[in-house]
Enquirer: 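Quick one: this structure, given as structure tokens, is what I'll be asking you about.
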Amino acid sequence: MIDVRRIRTEFDEVHAALARRGGDVASEAAAVRELDEQLRVLVQRRDDLRAQVNQVSKDVGTLRRDGKVAEAEAKQAESRALGEQEKELAAASADLEGQIRDLLLRIPNLPHPDVPDGATDADNPVRRVVGYDEAAYAEHQRVPHWEIGERLGILDIERAVKISGSMFTMFRGQGATLSRALCQLALDNNADAFEEIRPPTLVLSSTLTATGQLPKFADDAYAIERDDLWAIPTAEVPLTSIGKDEILDEAALPLRFMAYSPCYRREAGSAGRDTRGLLRVHEFDKVEILAYTTPAQAPAMLDELVQRAERTIASLGLAYRVIEICTGDLGQSHHRSFDIEVYAPGVGQWLEVSSISWFSDYQARRANIRYRPEGEKGTQMIHTLNGSALAVPRVWAAIVETHHQPDGTVRIPEPLLPYMRGATSLG
RNA sequence: GGAGGGAUGGCAGAGUGGACGAUUGCAACGGUCUUGAAAACCGUCGGGGUGCAAGCCCCCGGGGGUUCGAAUCCCCCUCCCUCCGCCA
């Protein structure tokens with residue numbers, strides 16, 4: 001949520017920043033400005049009335065103590081009349097406040113000035129490509145992971161669909177071990193600086209609102225309506241809300257958290273896309289890394305998170321590229337974002353395996369997470385940043401395809417060996 | 001799921017209708033004293049809105065109600081504790 005005071009005091013700048021995203025942002029921001037102006041007038045009048053009621057009520061107490069009953073009763077009548085008016089104004093301003101909040105929750109974050117302009121994901125600039133040479137892939141690496149997986153008995157999509165329906169998958173044997181090994185590696189690679197969390201994976205509506213999935217993107221999440229709970233689409237959701245409604249000391253920042261969790265996505269609207277294999281599934285495992293920072297610490301943290309995600313991917317011997325997200329493709333809550341994509345030679349596609357984002361104070365304001373700047377009065381919103389350290393299915397697919405051997409086995413990348421019970425290859 | 005008891009500032013803990021945004025203690029911060037520290041003493045010490053400011057307004061788990069006036073009385077909800085039930 002952007003600060004309503006910015007809409008109030010620097011409307012043109014806010015409007016221009018939002019306009020860079022494309023689409024119709026003008027009407028919502030203008031509506032907020034309009035309602036906010038009305039609200040401030042109402043609130044001023046309401047508070048004046050309250051002050052009068054408070055004063056008169058004090059007088060009543062004094063008069064009664066002094067035994068001046070008739071005067072007290074007159075004051076009571078006066079206060080009662082003022083109270084009626086106050087009640088009306090209070091109801092009107094509460095209604096306006098609700099309208100403003102509903103609008104603000106749907107207005108996206110302002111892009112960072114350095115975010116490149118663009119309309120769609122086709123305009124996202126590639127910042128660097130590492131280890132990729134299309135001509136270097138041999139024929140045996142051109143086999144899709146679902147063929148290799150089924151043949152080796154490490155991937156069983158058919159039975160997963162029998163159990164849970166389309167777009168659910170199941171790893172078996174060494175495939176399941178590989179999945180778990182990837183999570184373990186990602187956690188161990190970041191354990192030097194990040195506190196490991198095992199968060200709840202079912203959360204309240206308020207929690208899903210804090211990170212930005214609600215109210216606008218309810219269709220993308222699984223809901224357990226009977227208990228008013230939602231299945232998390234990413235560990236970002238519970239991790240971000242760890243500090244909800246808290247005020248932190250500046251000295252405590254940055255705070256870093258990491259978590260392995262399953263992630264649940266309805267993938268509404270993506271029917272027919274990437275339907276084969278592991279490319280797009282309803283449930284998958286991911287290790288997320290996340291930080292709370294001061295505004296000043298945020299840019300360096302964004303770099304650090306990208307480097308950490310990159311390092312793990314690189315260590316697995318996969319070709320990858322880093323893409324910066326342009327204004328038109330930037331997620332609602334994002335201030336600035338980078339994606340890491342690995343190349344999967346069997347399917348001949350770049351697969352997004354990590355999205356690293358800086359949210360400025362957009363999520364912090366929704367979750368009400370603040371800190372006390374040292375040597376200053378008052379509090380400020382923190383900044384949140386997060387990214388996938390590793391998302392399992394697509395990395396699993398890229399490994400199986402990239403390291404597929406001529407004899408049909410799959411070589412296990414060296415960093416995963418400690419977690420594979422002595423195996424050096426799959427199959 | 002059933003019964004009972006709770007929820008007040010960083011923590012502990014008073015306050016049960018009127019000058020209480022809140023006694024007090026601890027912690028923290030600044031100062032005096034000290035070679036330094038401790039102790040003692042003095043002072044500061046929750047958050048938010050609005051306003052140039054003075055000020056005014058809001059917040060005692062959340063929401064609603066009663067009243068001239070609510071931390072205090074009433075209703076609903078959430079969470080915590082104890083006991084029972086169930087259970088990995």
Side-chain angles (χ1 to χ4, degrees), chain A residues 1-11 32-104 198-210 224-230 238 241-253 255 262 361 364-382:
Chain A
M1 188 155 73
I2 58 179
D3 190 343
V4 69
R5 282 171 295 196
R6 292 190 68 182
I7 292 182
R8 198 141 74 207
T9 60
E10 30 185 311
F11 181 80
V32 168
R33 182 169 65 165
E34 172 79 14
L35 293 174
D36 179 61
E37 280 173 13
Q38 295 175 25
L39 176 64
R40 288 191 335 170
V41 172
L42 273 182
V43 162
Q44 189 55 54
R45 287 169 52 199
R46 181 200 66 188
D47 287 355
D48 286 348
L49 276 172
R50 283 183 178 173
Q52 290 180 52
V53 169
N54 288 344
Q55 185 53 53
V56 172
S57 295
K58 278 185 184 175
D59 294 345
V60 170
T62 310
L63 290 167
R64 285 212 176 272
R65 193 166 45 247
D66 297 345
K68 299 174 179 167
V69 177
E71 284 177 57
E73 279 174 2
K75 285 278 186 187
Q76 278 178 224
E78 181 189 343
S79 181
R80 191 164 24 228
L82 290 168
E84 297 296 326
Q85 298 175 47
E86 189 275 342
K87 216 168 184 175
E88 281 175 32
L89 286 175
S93 46
D95 179 57
L96 266 183
E97 276 167 17
Q99 288 181 46
I100 291 169
R101 183 175 167 81
D102 288 349
L103 280 169
L104 282 175
R198 174 40 250 228
T201 57
L202 299 179
V203 300
L204 300 168
S205 296
S206 54
T207 306
L208 210 59
T209 303
I224 296 153
E225 290 182 34
R226 188 171 67 171
D227 297 297
D228 187 30
L229 289 169
W230 302 77
S241 282
I242 284 177
K244 185 173 162 62
D245 293 327
E246 294 188 28
I247 301 171
L248 308 166
D249 289 330
E250 178 168 8
L253 299 172
L255 275 175
D361 61 4
R365 182 164 290 104
R366 296 166 85 107
N368 189 28
I369 311 172
R370 293 169 291 170
Y371 76 102
R372 271 180 236 281
E374 267 166 45
E376 285 178 43
K377 274 178 43 177
T379 57
Q380 267 189 43
M381 294 294 166
I382 62 151

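Everything numeric here is computed off the predicted structure, so don't read it as measured data.
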Enquirer: With sequence neighbours excluded, tell me which residues meet side chain to side chain contact (heavy atoms under 4.5 Å, CB included) with A:Gln38.
Expert: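 Scan of A:Gln38 (side chain to side chain contact (heavy atoms under 4.5 Å, CB included), adjacent residues dropped) gives A:Glu34, A:Leu35, A:Leu96.
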Enquirer: Can you check the A:Arg370 CZ to B:rG46 C1' distance for me, whole Å?
Expert: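 Rounded to the whole Å, the gap is 10 Å.
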Enquirer: For RNA chain B, which residues of residues 88-101 of chain A approach it to below 4.0 angstrom with any heavy atom?
Expert: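 Nothing qualifies; none.
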Enquirer: For B:rU82, give the paired nucleotide (Watson-Crick: N1-N3 plus N6-O4 or O6-N4; G-U: N1-O2 and O6-N3; both under 3.5 Å), or none.
Expert: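 Check on B:rU82: paired to B:rA3, both distances under 3.5 Å.
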Enquirer: Name all residues meeting the side chain to side chain contact (heavy atoms under 4.5 Å, CB included) criterion together with A:Asp249; count only those two or more places apart in sequence or in a different chain, and write none if there are none.
Expert: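 Listed in chain order: A:Arg372.
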Enquirer: Got more than 12 heavy atoms from elsewhere within 6.0 Å of CZ, A:Arg101?
Expert: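 For A:Arg101, atom CZ is not crowded (no more than 12 foreign heavy atoms under 6.0 Å).
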Enquirer: Below 3.5 Å between N/O atoms, which protein atoms pair up with nucleotides 60-65 of chain B? Just atom names and distances, please.
Expert:
none

Enquirer: Who passes salt bridge (Lys or Arg N to Asp or Glu O under 4.0 Å) against A:Asp47, sequence neighbours left out?
Expert: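 Testing A:Asp47 for salt bridge (Lys or Arg N to Asp or Glu O under 4.0 Å), a comparison that skips the adjacent residues, returns none.
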Enquirer: Is the closest side-chain donor-acceptor distance between A:Gln55 and A:Asp59 under 3.5 Å?
Expert: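 Yes, a side-chain donor-acceptor pair sits under 3.5 Å.
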Enquirer: To the nearest angstrom, how far is A:Arg80 atom CZ from B:rU66 atom C1'?
Expert: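 So the two atoms are 13 Å apart, to the nearest Å.
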Enquirer: Which pairs, protein N/O on one side and nucleotides 72-77 of chain B N/O on the other, fall under 3.5 Å?
Expert:
none

Enquirer: Can you check the A:Glu78 CD to B:rU67 P distance for me, whole Å?
Expert: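 For the pair A:Glu78 CD and B:rU67 P, the rounded distance is 18 Å.
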Enquirer: How many Å lie between CZ on A:Arg64 and C1' on B:rU67, as a whole number?
Expert: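 A:Arg64 atom CZ is separated from B:rU67 atom C1' by 11 Å.
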Enquirer: Kindly state which residues belonging to residues 38-53 of chain A come within less than 4.0 angstrom of RNA chain B, counting heavy atoms of the residue only, listed by number.
Expert: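 Nucleic-acid contacts, sorted: A:Arg40, A:Gln44, A:Asp47, A:Arg50, A:Ala51.
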Enquirer: Return the value, rounded to whole Å, for the distance between atom CD of A:Glu86 and atom P of B:rC68.
Expert: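 A:Glu86 atom CD is separated from B:rC68 atom P by 14 Å.
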Enquirer: List the atom pairs, with distances to 0.1 Å, where a side-chain N or O of residues 198-209 of chain A and a protein N or O form a donor-acceptor pair under 3.5 Å, not counting sequence neighbours.
Expert:
{"from": "A:Ser205", "atom 1": "OG", "to": "A:Asp228", "atom 2": "OD1", "distance (Å)": "3.0"}
{"from": "A:Ser205", "atom 1": "OG", "to": "A:Trp230", "atom 2": "NE1", "distance (Å)": "2.8"}
{"from": "A:Thr209", "atom 1": "OG1", "to": "A:Ser205", "atom 2": "O", "distance (Å)": "2.8"}

Enquirer: Please identify each residue that fulfils side chain to side chain contact (heavy atoms under 4.5 Å, CB included) with A:Glu374, with sequence neighbours left out.
Expert: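 With sequence neighbours excluded, A:Glu374 shows a side chain to side chain contact (heavy atoms under 4.5 Å, CB included) to A:Glu250, A:Ala251, given in chain and number order.
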Enquirer: Using a cut-off of less than 4.0 Å, is there contact between a side-chain N or O of A:Asn54 and OP1 or OP2 of B:rC57?
Expert: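 Indeed, a polar side-chain atom of A:Asn54 lies that close.
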Enquirer: Just jot down the salt bridge (Lys or Arg N to Asp or Glu O under 4.0 Å) partners of A:Glu10, sequence neighbours excluded, or say none.
Expert: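 Only A:Arg6 meet the salt bridge (Lys or Arg N to Asp or Glu O under 4.0 Å) criterion with A:Glu10.
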Enquirer: Side chains of residues 66-76 of chain A: which donor-acceptor pairs under 3.5 Å do they make with residues two or more places apart or in other chains?
Expert:
{"from": "A:Gln76", "atom 1": "OE1", "to": "A:Arg64", "atom 2": "NE", "distance (Å)": "3.2"}
{"from": "A:Gln76", "atom 1": "OE1", "to": "A:Arg64", "atom 2": "NH2", "distance (Å)": "2.3"}

Enquirer: side-chain hydrogen bond (donor to acceptor under 3.5 Å, both in side chains) with A:Asp245: which residues, sequence neighbours excluded?
Expert: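 A:Asn368.
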